[in-house]
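Reviewing the structure listed below.
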Amino acid sequence: LRESSAQLKHAAQSYCKAETPTADARKAVEAAWSAAFLDWQRVRFVDFGPIQQDSLAWQLQFWPDPKNLTGKKARGWLSGDRPISIDTLAADSVAIKGFPAVEYLLFDPQLQQQAQALPAVRACALLGAVTRQIDLNAERLAADWEQFRPHFLEQAHYADATVLAAMHALELMKDRRLGAPMGAAGKGRRNPYLADAWRSGLSLSAVEASLLGLRELFLPGLAKRLQSPAGQQLYQRFSTQLTHTFERLEQMPPGLAPLLNDADGYRQLQLLLLDIERLDTQLSGSIAPELGVVKGFNASDGD
């Protein structure tokens, strides 16, 4: 995340410094944003430790955003006359400080039709300030984790905190990242704008990246904790289900929206949601009790 955020900042600077920014330079910024954003998705489940300082998670990704505060904030800065810099943005909401704000500048379909769109001067200033802030936050987060590492390894309760973080991530994926835009809860309507990364069309790629993060960064430690015969069986079930989920995602497009109004596409989403529900049930209902981990309050639950 630290490295790809730095690359995003440099790509944005190169694009905006050019006298006449080219289409290739624009694509380079978009690709750098996608890479950094998906790197963030891989570590997004780590909701404890340094990430809790100064609402860093919210600064990196303000979501959910049902009132489109990111769009409103961005339009306010683009149409105003206030100087745009990291310092001036610091006093504003987290809605204008992270990946969704850059996504708005790069991909919002309505903005792209307006004179305020990139590479307009104020749009470039906003792009530069936000990408620099993302880079600083990623650098800070990586440095803080280097310092936090010994404490994390020495304190046994962080092993449980890691399991809880994975549980919360799967629950968020099931209920909000997939369930909400699908209208899966009660009589809810299908609404693609409730998904994260809907502007860039990477909602399902983001889910896949989060699952990849769990496989790479969570499963190895989980295997070490589940050493009993019963624990190993639970681990194998969870690992196998995760593999099945990846196989399904490989057959699906990067975006969620195109599937919502198509019967076959929606069926694919339902099957994916069922896969995530199985992962959630296995981890929360079987593995966590085996480890003696008790689910508690999650800061993302609200009041």
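In what follows, residues are counted from 1 in the order of the sequence shown.
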Minimum-distance pair of heavy atoms, taken over all atoms of [X] and [Y]:
X: Thr131; Y: Leu127; answer: OG1-O, 2.8 Å
X: Ile134; Y: Gly98; answer: CD1-C, 3.6 Å
X: Ala11; Y: Ala28; answer: CB-O, 4.2 Å
X: Trp63; Y: Leu194; answer: CZ2-O, 3.3 Å
X: Leu111; Y: Ala117; answer: O-CB, 3.2 Å
X: Ala129; Y: Ile84; answer: CB-CG2, 4.2 Å

If you group Ile, Leu, Val, Met, Phe, Trp and Tyr by side-chain heavy-atom gaps below 4.5 Å, do [X] and [Y] land in one group?
X: Leu141; Y: Leu153; answer: yes
X: Phe148; Y: Ile51; answer: yes
X: Phe246; Y: Leu259; answer: yes
X: Val46; Y: Val163; answer: yes
X: Phe107; Y: Val130; answer: yes

Can any side-chain N or O of [X] pair as donor or acceptor with the backbone N or O of [Y] at less than 3.5 Å?
X: Ser284; Y: Asp280; answer: yes
X: Arg190; Y: Leu260; answer: yes
X: Thr70; Y: Ala95; answer: yes
X: Lys72; Y: Lys67; answer: yes
X: Gln112; Y: Leu105; answer: yes
X: Glu103; Y: Ser200; answer: yes
X: Trp33; Y: Phe99; answer: yes
X: Lys97; Y: Ala90; answer: yes
X: Asp54; Y: Leu56; answer: no

Determine, step by step, whether Leu136 and Ile86 satisfy the side-chain contact (heavy atoms from CB on, under 4.5 Å) criterion, reporting the C-alpha distance in whole Å, the side-chain angles of both residues, the deciding distance to 0.1 Å, and the verdict. CA-CA 10 Å; Leu136 287 173; Ile86 287 182; 3.8 Å; yes
Validation row: [X], [Y] side chains within 4.5 angstrom (heavy atoms):
X: Asn68; Y: Arg75; answer: yes
X: His151; Y: Tyr158; answer: yes
X: Leu202; Y: Ser34; answer: yes
X: Leu164; Y: Met167; answer: yes
X: Gln13; Y: Lys9; answer: yes
X: Leu256; Y: Val207; answer: no

Drop me the distance from [X]'s [atom1] to [Y]'s [atom2], to the nearest 0.5 angstrom.
X: Arg2; Y: Glu139; atom1: CZ; atom2: CD; value: 5.5 Å
X: Leu170; Y: Phe238; atom1: CG; atom2: CZ; value: 5.5 Å
X: Gln110; Y: Arg199; atom1: CD; atom2: CZ; value: 9.0 Å
X: Thr281; Y: Ile287; atom1: OG1; atom2: CD1; value: 11.0 Å
X: Arg26; Y: Cys16; atom1: CZ; atom2: SG; value: 9.5 Å
X: Glu290; Y: Tyr235; atom1: CD; atom2: OH; value: 15.0 Å

Check whether Trp77 forms a cation-pi arrangement with Arg122 (NZ or CZ under 6.0 Å from the six-membered ring centre, at most 45° off the ring normal). no
Only residue of Thr88, Ile96, Val94 satisfying side-chain contact (heavy atoms from CB on, under 4.5 Å) with Asp92 is Ile96
Given the rule in the side-chain contact (heavy atoms from CB on, under 4.5 Å) test, do His168 and Phe45 qualify, once you have shown the distances and angles that lead to the verdict? CA-CA 8 Å; His168 296 157; Phe45 79 95; over 6 Å; no
May I have the list of side-chain donor-acceptor pairs in residues 214-223 shorter than 3.5 Å, sequence neighbours left out?
{"unit_1": "Glu216", "atom_1": "OE1", "unit_2": "Arg42", "atom_2": "NE", "d": "3.4"}
{"unit_1": "Glu216", "atom_1": "OE1", "unit_2": "Arg42", "atom_2": "NH2", "d": "2.6"}

Run the side-chain contact (heavy atoms from CB on, under 4.5 Å) test on Phe62 and Ser55 for me, step by step, so that the C-alpha distance in whole Å, both residues' side-chain angles and the decisive distance to 0.1 Å come before the verdict. CA-CA 10 Å; Phe62 178 72; Ser55 301; over 6 Å; no
With the threshold set at 4.0 Å, does a side-chain nitrogen-carboxylate oxygen contact exist between Arg44 and Asp196? yes
Does a side-chain N-to-carboxylate-O contact under 4.0 Å join Glu171 and Lys295? yes
Go through the structure and list residues passing side-chain hydrogen bond (donor to acceptor under 3.5 Å, both in side chains) with Asp275, not counting sequence neighbours. Gln241, Arg248
Does CD in Glu3 sit with more than 12 non-hydrogen atoms of other residues, nucleotides or ligands closer than 6.0 Å? no
Is it the case that more than 12 heavy atoms not belonging to Glu146 sit under 6.0 Å from its CD atom? no
Output field: ring centroids Phe152/Trp145 closer than 6.0 Å: yes
side-chain contact (heavy atoms from CB on, under 4.5 Å) between Ile276 and Leu211, intermediate numbers included: CA-CA 10 Å; Ile276 302 299; Leu211 292 175; 3.9 Å; yes
Would you say the side chains of Arg177 and Ser210 form a donor-acceptor pair under 3.5 Å? yes
Could you walk me through whether Gln61 and Gln41 pass side-chain hydrogen bond (donor to acceptor under 3.5 Å, both in side chains), step by step? CA-CA 10 Å; Gln61 185 180 6; Gln41 301 307 312; 3.3 Å; yes
Report the residues that fulfil salt bridge (Lys or Arg N to Asp or Glu O under 4.0 Å) with Asp144, sequence neighbours left out, ordered by chain and then residue number. Arg140
